[in-house]
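Please read these numbers as outputs of a predicted model, since none were measured by experiment.
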Amino acid sequence: MTMQEQRSIHEGLEHPTGLGARPGAETAEMTYAEAIRDALRIAIEADPSVFLMGEDVGRYGGAFGVTGTLVDELGTDRIRDTTISELGIVGLGVGAAMTGMKPIVEIQFSDFTAQAMDQIANQAAKIHFMLGGEANVPLVIRAPGGSGTGAAAQHSQSLEAWFAHIPGLKVVMPASGDDAKGLLLAALDDPNPVMILEHKLLYKQTFEVRTGDVRTPIGKAAVRRTGGDLTIVATGVEVQRSLEAAELLAAQGIQATVVDPVTLTPLDSATILAEVVKTGRVLLVQEAVQTGGFMSEVSAIIAESEAFVHLRAPIRRLSGLDVPIPYAPQLEKAVVPQVDDIVVAATALVKEW
Amino acid sequence: MQIVTDRSAAIEALGTLWRIRRFEEAVEDLYGRGMMHGTMHLSIGQEAVPTGACMALRRDDYITSTHRGHGHCIAKGADLERMMAELLAKDTGYCRGRGGSMHIADAATNNLGANGIVAGGVPIAAGAGLSAQMRGTDQVAVCFHGDGAMGEGAWHEGVVLAAMWKLPVVFLCENNLYGMSMSSAKAFPLEQLSDRANGYGIPGVTVDGNDVQAVHDAVETAVARARAGEGPTFIVAETYRWRGHSKSDKNLYRTRDEIESWRESNDPIARFEKSVLEAGTLTEADIQTVRDEVRDDLRGAVQRAAAAPDATPEGLLDAVFAPTTGAAR
Ligand SMILES: Cc1ncc(C[n+]2csc(CCOP(=O)(O)OP(=O)(O)O)c2C)c(N)n1
Ligand SMILES: [Mg+2]
């Protein structure tokens with residue numbers, strides 16, 4: 001794929017097939033960022049306990065333009081600019097959540113959850129359990145992850161495995177505009193802390209999105225496409241790349257199913273296993289580095305299940321290389337799975353087994 | 001050191017000021033023409049801070065820098081061609097194209113590196129100070145950071161430890177009035193940001209950050225104190241960022257008038273040129289010579305960097321760990 005084509009995928013106006021709106025409501029075309037903004041507006045207008053805080057979410061409109069001019073509509077009380085204090089942002093969110101508010105906190109890049117990790121891992125995730133159920137932390141944390149913008153090693157990581165490794169925290173990765181909206185609204189219904197890992201390459205893409213107060217269920221995987229030769233399980237931006245790869249594979253006569261777990265914890269293993277059984281071949285695709293990655297967990301779940309006896313081929317993972325994300329565009333592309341890499345891996349899996 | 005009244009010091013300072021300005025203008029231009037990737041944070045308008053500060057340092061003193069770090073790097077003595085090559089994603093760049101603008105370090109000048117994490121360099125600078133103290137050298141570490149960094153826990157922890165152990169560190173805040181869109185006056189309800197030093201039991205000083213001599217003098221005093229084993233100082237240099245925070249900034253949080261007034265009446269380079277002319281240290285012709293030399297140097301650096309081979313993915317997997325060489329003891 002040429003650089004030009006690659007760019008058109010990231011910035012193009014077409015929403016990819018398979019990533020449209022879920023059924024059951026009217027829809028409108030909007031970007032992923034606009035879909036999140038729509039959810040913020042709906043939730044904040046409907047519920048006086050909901051508010052957003054984060055760095056540059058007010059007048060600036062958010063580092064990725066998610067809030068836009070929302071502060072003009074909703075005011076500085078509900079769209080709160082903070083100092084550059086990630087631990088404080090999440091920690092204040094925890095305290096407010098324990099005492100009757102429903103905070104949404106934005107961490108400008110998911111890499112900076114590192115600053116906030118005590119409040120995420122030791123506080124938010126454990127409080128309900130540790131305190132014997134006496135307290136809840138209905139906190140929503142939104143943070144963009146992923147590479148592809150030339151922002152280099154400290155602004156490009158895919159850290160979902162860190163969060164999936166913390167009992168008490170729900171982790172979701174919206175791959176479409178519709179899910180970005182629906183998951184945020186569903187997270188606000190949840191009495192537990194929910195980490196929403198958005199993807200920065202998706203913000204400017206246009207999707208078909210349900211209008212109004214809608215939900216994407218947390219804990220339910222989505223089958224984005226079906227085909228009989230292999231099952232691709234992919235997260236985040238790799239869902240879209242897998243769908244594009246599936247089209248190219250179809251042109252070569254290989255039919256792929258693409259499953260998007262949507263929620264990492266609690267994982268909908270049943271849907272994944274059912275789709276694996278149907279094809280007997282599985283390719284697990286993630287942008288994150290391979291070692292200790294979330295797809296290693298999915299692989300283990302498959303290997304430990306009955307689906308294992310239905311496999312005709314070894315389970316195959318296709319992940320980011322075990323390196324920090326480099327700056328140079330040609331290096332940055334080389335270290336995470338691109339559409340071509342998925343095609344090659346899927347073809348090998350089907351041809352060799 | 002007298003900079004304004006000393007011919008060679010004045011020429012050195014003016015060269016550094018212009019190298020920073022012209023380097024960043026070139027970056028902006030290359031970026032605008034689509035020849036540069038990623039994002040960039042320009043320090044145009046803030047050049048006097050690194051220029052004055054680094055003239056108070058020895059080559060073996062350490063600095064830590066920030067996302068807005070080109071000026072610090074240049075003032076400490078980095079090679080323009082290798083910097084430009086890095087930004088152009090070349091194999092000859094400081095980080096072989098792996099780090100980019102936010103991650104340039106220069107071992108030759110004891111520049112411990114730019115940092116993509118706000119306040120990430122604060123405890124690191126304190127650690128370099130600890131190392132100097134433990135090794136018994138009289139090196140000092142200067143930690144450049146922004147006003148916004150004062151909101152981070154890392155800032156607090158680095159300063160607390162440096163104060164307790166009287167480490168040879170200078171915490172140098174470039175207060176350019178904003179941390180991205182957050183006004184520093186709003187974020188920190190202090191009369192002066194340097195008042196914060198009181199809470200840590202260390203001296204706090206505010207200087208005009210667009211005055212090379214004033215920055216130099218404050219850092220020189222702090223460095224002398226640090227070398228004498230008396231511990232850290234917190235210096236706040238008041239300055240202003242002319243450009244947006246990064247490429248995505250629409251400047252909605254400040255007025256055009258505000259930007260214009262700083263550009264017109266408080267350009268650190270224009271002020272320095274005026275002061276050396278008034279002092280009779282340099283002539284118009286001397287100044288023009290410095291400008292021309294910088295322009296030629298930079299042009300050459302950009303041309304050579306652009307012609308260098310692109311960075312390649314080969315060897316990336318071997319680049320993650322430093323090679324182990326066996327028993328260390
Ligand atoms: C821990 C962390 N939080 C947020 C950011 C995003 N960010 C990068 S620079 C910046 C503003 C920093 O302000 P300041 O320290 O005043 O430096 P300036 O940009 O003004 O030079 C922000 C919010 C970051 N890089 N790291
Ligand atoms: Mg600042």
Side-chain angles (χ1 to χ4, degrees), chain A residues 3 7 54-65 68-69 71-72 76 80-89 91 108-109 111-112 114-119 147-157 200 203 289 291 321-335, chain B residues 36-40 67 86-91 93 95-104 115-120 146-156 178-184 186-188 244-246 248-254 310-314 316-320:
Chain A
M3 288 254 279
R7 191 164 298 139
E55 294 158 15
D56 310 289
V57 297
R59 175 66 51 234
Y60 195 97
F64 293 95
T69 55
V71 69
D72 294 331
T76 52
R80 302 179 84 95
D81 268 333
T82 66
T83 54
I84 308 172
S85 313
E86 291 79 13
L87 178 97
I89 295 166
Q108 205 164 73
F109 286 74
D111 311 69
F112 315 151
Q115 272 72 5
M117 213 53 169
D118 170 62
Q119 289 293 331
S147 64
T149 65
Q154 295 174 330
H155 287 73
S156 304
Q157 297 170 89
K200 36 181 111 70
Y203 283 126
V289 299
T291 301
L321 299 184
D322 284 340
V323 301
I325 299 292
Y327 158 74
Q330 64 275 24
L331 272 55
E332 190 181 24
K333 280 217 176 74
V335 303
Chain B
M36 220 172 252
H37 175 62
T39 190
M40 54 164 182
H67 58 285
E86 183 58 31
L87 271 62
L88 288 169
K90 300 294 185 172
D91 202 41
C95 329
R96 302 191 60 193
R98 292 163 189 169
S101 162
M102 277 193 290
H103 304 294
I104 295 178
N115 207 311
I117 299 296
V118 169
D147 47 288
M150 292 172 64
E152 289 285 1
W155 189 95
H156 168 77
Y178 298 93
M180 209 156 152
S181 66
M182 173 59 76
S183 137
S184 59
K186 181 174 167 207
F188 312 109
H245 166 75
S246 69
S248 68
D249 189 348
K250 301 191 203 78
N251 283 315
L252 298 173
Y253 51 87
R254 55 183 186 171
D310 287 338
T312 66
E314 274 77 63
L316 276 184
L317 283 169
D318 296 326
V320 181

Heavy-atom distance under 4.5 Å to chain A: side chain of [X], backbone, both or neither?
X	value
B:Ser184	neither
B:Thr39	backbone
B:Met182	both
B:Asp249	both

Candidate pair B:Asn115 and A:Gln154, rule side-chain contact (heavy atoms from CB on, under 4.5 Å), full reasoning: CA-CA 9 Å; B:Asn115 207 311; A:Gln154 295 174 330; 3.4 Å; yes
Contact class of A:Glu86 relative to chain B, heavy atoms under 4.5 angstrom: both
Toward chain B, the part of A:Ala63 with a non-hydrogen atom under 4.5 Å: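 Answer is both: backbone and side chain atoms of A:Ala63 are under 4.5 Å from chain B.
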A:Val335 versus B:Leu316, closest heavy-atom pair with distance: CG1-CD1, 3.5 Å
For the residue pair A:Leu331 and B:Arg98, what are the closest heavy atoms and their distance?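 Closest approach of A:Leu331 to B:Arg98: CD2-CG, 4.0 Å.
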Can you tell me if A:Gln330 uses its side chain to pair, donor with acceptor, with the backbone of B:Ala311 under 3.5 Å?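 Answer holds: yes.
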Give, for atom OG of B:Ser248 and atom OH of A:Tyr60, the distance between the pair rounded to the nearest 0.5 Å.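 The OH atom of A:Tyr60 is 3.0 Å from OG of B:Ser248, to the nearest 0.5 Å.
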Among A:Ile84, A:Val323, A:Thr83, who wins on heavy-atom pairs under 4.5 Å with chain B?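 Looking at each option in turn, the highest pair count goes to A:Ile84.
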Taking C-beta and beyond as the side chain, do B:Glu152 and A:Gln115 meet within less than 4.5 Å on heavy atoms? yes
Take B:Leu317 and A:Leu321 through the side-chain contact (heavy atoms from CB on, under 4.5 Å) test and state the conclusion after the steps. CA-CA 8 Å; B:Leu317 283 169; A:Leu321 299 184; 4.2 Å; yes
Anything under 30° is parallel, anything over 60° is perpendicular, the rest tilted; go ahead and classify B:His37 against A:Tyr327. tilted
Could you check which of B:Gly99, B:Gly93, B:Ser246, B:Cys95 has the highest count of heavy-atom pairs closer than 4.5 Å to chain A?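 The option with the most such pairs is B:Gly99.
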Quick one: which of B:Asn251, B:Val320, B:Leu88 has the most heavy-atom pairs under 4.5 Å with chain A, could you say?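 Of the candidates given, the most pairs with chain A belong to B:Val320.
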